[in-house]
Amino acid sequence: MSHKPVDIGDPDRLYTVTGGRSEADDSFDLVTLIVSECEPTAGMQSEHVRILELCQHPTALVEVAAELKMPITVVRILLGDLHAMGKVSARHPRAARSVADLPETALLQEVLHGLRNL
């Protein structure tokens with residue numbers, strides 16, 4: 001069995017898709033949920049259209065990249081474009097304010113036990 005490299009995108013195509021840009025918006029974490037705020041319009045870049053279609057329901061950035069079969073950096077650039085145009089919104093994961101805000105270990109163990117029993 002042969003293994004393919006993770007990034008198998010054609011560099012020329014990726015260069016064209018991003019308009020030659022290589023600096024991605026770092027505000028998008030891998031688990032940031034992306035939500036479409038509008039329908040695709042005529043004349044939009046095909047990758048933008050696909051993102052808007054994929055994100056009709058909250059979708060993690062990493063899932064969008066997997067569906068598009070594109071590197072994370074390229075997807076971050078495309079999402080940055082859409083976000084700047086107000087076509088998508090980003091919901092960033094919230095971190096616990098303190099250790100006290102985290103769920104009890106016993107509760108998490110019960111949930112894990114229940115999942116294993118499914």
Measuring only between side-chain heavy atoms, which start at C-beta, is Leu82 closer than 4.5 Å to Glu47?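 They are not in side-chain contact.
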
Any non-hydrogen side-chain atom of Ile34 less than 4.5 Å from a side-chain atom of Glu63? no

For Thr32, all residues meeting side chain to side chain donor-acceptor pair (under 3.5 Å), sequence neighbours excluded: His92

Following the transitive rule for hydrophobic clusters with a side-chain heavy-atom cut-off under 4.5 Å over Ile, Leu, Val, Met, Phe, Trp and Tyr, establish whether Leu30 and Leu78 coincide in one cluster.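 In one cluster with Leu30: Leu78, yes.
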
Treat each ILVMFWY residue as a node, draw an edge where side-chain heavy atoms are under 4.5 Å apart, and state whether Val62 and Val64 are in one component. yes

With a 3.5 Å cut-off and sequence neighbours excluded, list the donor-acceptor pairs that the side chains of residues 106-113 form with protein atoms.
| residue | atom | partner | partner atom | Å |
| --- | --- | --- | --- | --- |
| His113 | NE2 | Asn117 | ND2 | 3.1 |

Please find the pair of heavy atoms, one from Ala60 and one from Leu33, that lie closest to each other, and give the distance.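 The answer is N-CD2, 3.7 Å.
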
Taking all non-hydrogen atoms of both residues, which atom of Arg76 and which atom of Phe28 are closest, and how far apart? NE-O, 2.8 Å

N/O donor-acceptor pair under 3.5 Å between Arg91 side chain and Val35 backbone: no

Using residues 52-59 as the side-chain source, report each donor-acceptor pair under 3.5 Å to any protein atom, sequence neighbours left out, with the distance given to one decimal.
| residue | atom | partner | partner atom | Å |
| --- | --- | --- | --- | --- |
| Thr59 | OG1 | Leu54 | O | 3.1 |
| Thr59 | OG1 | His57 | O | 2.8 |

Contacts of type salt bridge (Lys or Arg N to Asp or Glu O under 4.0 Å), residue Glu67, not counting sequence neighbours: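 Partners of Glu67 by the salt bridge (Lys or Arg N to Asp or Glu O under 4.0 Å) criterion, ordered by chain and then number, come out as Arg50.
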
By side-chain contact (heavy atoms from CB on, under 4.5 Å) - contacts of Ala65 (at least two apart): Ile72, Val75

Could you walk me through whether Leu79 and Ile51 satisfy the side-chain contact (heavy atoms from CB on, under 4.5 Å) test, starting with their C-alpha distance in whole Å, then the side-chain angles of each, then the deciding distance to 0.1 Å, before giving a yes or no? CA-CA 8 Å; Leu79 286 172; Ile51 290 171; 3.7 Å; yes

Hey, could you give me the OG1/CD1 distance between Thr73 and Ile77, rounded to the nearest 0.5 Å?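 Going from OG1 on Thr73 over to CD1 on Ile77, the span is 6.5 Å.
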
